[in-house]
Chemist: 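The structure's right below; bear with me while I get my questions together.
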Protein chains: 2
Amino acid sequence: MTFGEYIREHREALKSEDRRFSVRQVAQRIGVEPAYLSKIERGDVAPPSEAKIRALAEELGEDPDVLLAMAGKVSSDLQEIIRKRPQLFADLIRQLKSAPDHALLRIARDVRDGDW
Amino acid sequence: MTFGEYIREHREALKSEDRRFSVRQVAQRIGVEPAYLSKIERGDVAPPSEAKIRALAEELGEDPDVLLAMAGKVSSDLQEIIRKRPQLFADLIRQLKSAPDHALLRIARDVRDGDW
DNA sequence: ACAAATGTGTAGTATATAGTACACATGACA
DNA sequence: TGTCATGTGTACTATATACTACACATTTGT
């Protein structure tokens, strides 16, 4: 499923319950032209900028990191974290590439609990 | 220290031992025009593409992830890893933002040793 | 029935990215 | 002393990114 298809699907779902989720009204709220949002949803153009994707995520109640990923992007705040300690993060992320989901969850939990 | 300054410094250091590290010769080996490399080193233009930065890292014996970071970029292979599991990685990386270096090293080691 | 709202086609724009091509003055070195 | 290599200034170029503006046919609500 492409970025555009995903957005269309979820926007349409919301629209069926609330007319304020038309292409035109959502476009206006996130600050783009309706024709542009229409083209994005149909995959006629590439996904928009990170800022617009964030606005869209907020508007549709979706996870911005997931939408960004579907758009082929990585959140700029994550990139900044990595850029500050490139060796450590590059190494760690490559190690974690093939780790199972539960391992990533556990590490996040351990770090949150200060277990190091 | 900027990307350009760093490159110039390290290239010059190599050049003092080996004349093959002139702007012209390095430029040729990494596949760009000498004038372009010159401008990069003086910060006259933005850092080059990821591919050229990798070639430069190889040529100068530097860590590509560090050079990419100085250029304001994050390796595309790391981005791909993140994009495949955006929620897990986004969460984890934000948790690790303020973790000390030794914690990151330890996690990488634990994962490598399969300690989960 | 008709006014308002809707989705979309076409055309165009501004800015960024990632460079090339060539000429020229200076410096090394044999 | 001549030539060969070196670093750099100037002038372009091609492609990608991120949109806007407007018109128009269709659909929907009252």
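Because the structure is a prediction, the values reported are computed rather than measured. Letters go in sequence order (proteins before strands), and every chain restarts at 1.
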Chemist: Using every non-hydrogen atom in the two residues, find where B/Asp63 and B/Ala57 come nearest and quote the distance to one decimal.
Modeler: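 Closest approach of B/Asp63 to B/Ala57, heavy atoms only: C-CB, 4.4 Å.
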
Chemist: Scan A/Arg20 against the nucleic acid and name what it touches under 4.0 Å (heavy atoms): base, sugar-phosphate only, or nothing.
Modeler: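 No contact.
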
Chemist: Do the non-hydrogen side-chain atoms of B/Leu37 and B/Lys52 ever get within less than 4.5 Å of each other?
Modeler: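 The answer is no; the side chains never approach within 4.5 Å.
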
Chemist: Check whether any side-chain N or O of B/Lys39 sits under 4.0 Å from OP1 or OP2 of C/dT20, and answer yes or no.
Modeler: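 Answer is no, no contact under 4.0 Å.
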
Chemist: Just how far, in rounded Å, is P of C/dT17 from NZ of B/Lys52?
Modeler: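 Distance, rounded to whole Å: 18 Å.
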
Chemist: Within the 4.0 Å heavy-atom criterion, would you say A/Val45 contacts the bases, only the backbone, or no part of the nucleic acid?
Modeler: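 A/Val45: no heavy atom of the nucleic acid under 4.0 Å.
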
Chemist: Rounding to a whole Å, what distance do you find between B/Lys15:NZ and C/dA28:C1'?
Modeler: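 Checked: the NZ to C1' distance equals 10 Å.
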
Chemist: Work out which heavy atom in B/Met1 is nearest to a heavy atom in B/Met70; give both atom names and the distance.
Modeler: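 Looks like O-CE, 3.4 Å.
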
Chemist: Just the endpoints, please: which first and last nucleotides of DNA chain D, 5' to 3', lie under 4.0 Å from a heavy atom of chain B?
Modeler: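 So the outermost contacting nucleotides come out as D/dT6 to D/dA11.
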
Chemist: In terms of the nearest nucleotide of DNA chain D, which residue is placed more toward the 5' end: B/Asp44 or A/Glu50?
Modeler: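 Nearer the 5' end of the strand: B/Asp44.
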
Chemist: Looking only at heavy atoms, which two atoms of B/Gln79 and B/Val74 are closest? And how far apart?
Modeler: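 Nearest pair, atom of B/Gln79 first, then B/Val74: NE2-O, 3.0 Å.
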
Chemist: For A/Glu33 and C/dT10, give me the distance from atom CD to atom C1', rounded to whole Å.
Modeler: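 Going from CD in A/Glu33 over to C1' in C/dT10 covers 14 Å.
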
Chemist: Given that B/Pro47 and B/Ala35 both sit by DNA chain C, which one's nearest nucleotide is further toward the 5' end?
Modeler: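 Between the two, 5'-proximity favours B/Pro47.
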
Chemist: Specify the closest pair of heavy atoms between A/Lys97 and B/Arg85, including all atoms of both residues, with the distance to one decimal.
Modeler: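 Looking at all heavy atoms of both residues, the closest pair is O-NH2, 2.9 Å.
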
Chemist: Quick one, A/Val23 and A/Lys15 - any side-chain contact, counting heavy atoms below 4.5 Å?
Modeler: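 A/Val23 vs A/Lys15: side chains apart.
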
Chemist: Figure out the CZ/C1' separation between A/Arg19 and C/dA4, and round it to whole Å.
Modeler: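 Atom-to-atom, A/Arg19 to C/dA4, this comes out as 11 Å.
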
Chemist: Check whether any side-chain nitrogen or oxygen of A/Ser38 sits under 4.0 Å from OP1 or OP2 of C/dG9, and answer yes or no.
Modeler: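 For A/Ser38, the contact criterion (side-chain N or O under 4.0 Å from OP1 or OP2 of C/dG9) is not met.
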
Chemist: To the nearest Å, how far apart are A/Leu37 CG and C/dG7 C1'?
Modeler: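 Value for this atom pair: 10 Å.
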
Chemist: Please assess B/Glu41 against B/Arg11 for the test salt bridge (charged side-chain N to carboxylate O under 4.0 Å, His left out), listing each intermediate value before the final yes or no.
Modeler: CA-CA 10 Å; B/Glu41 291 191 349; B/Arg11 186 189 51 73; 2.6 Å; yes

Chemist: Nearest whole Å is fine: how far is C/dC22 C1' from B/Tyr36 OH?
Modeler: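 After rounding, the gap between these two atoms is 18 Å.
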
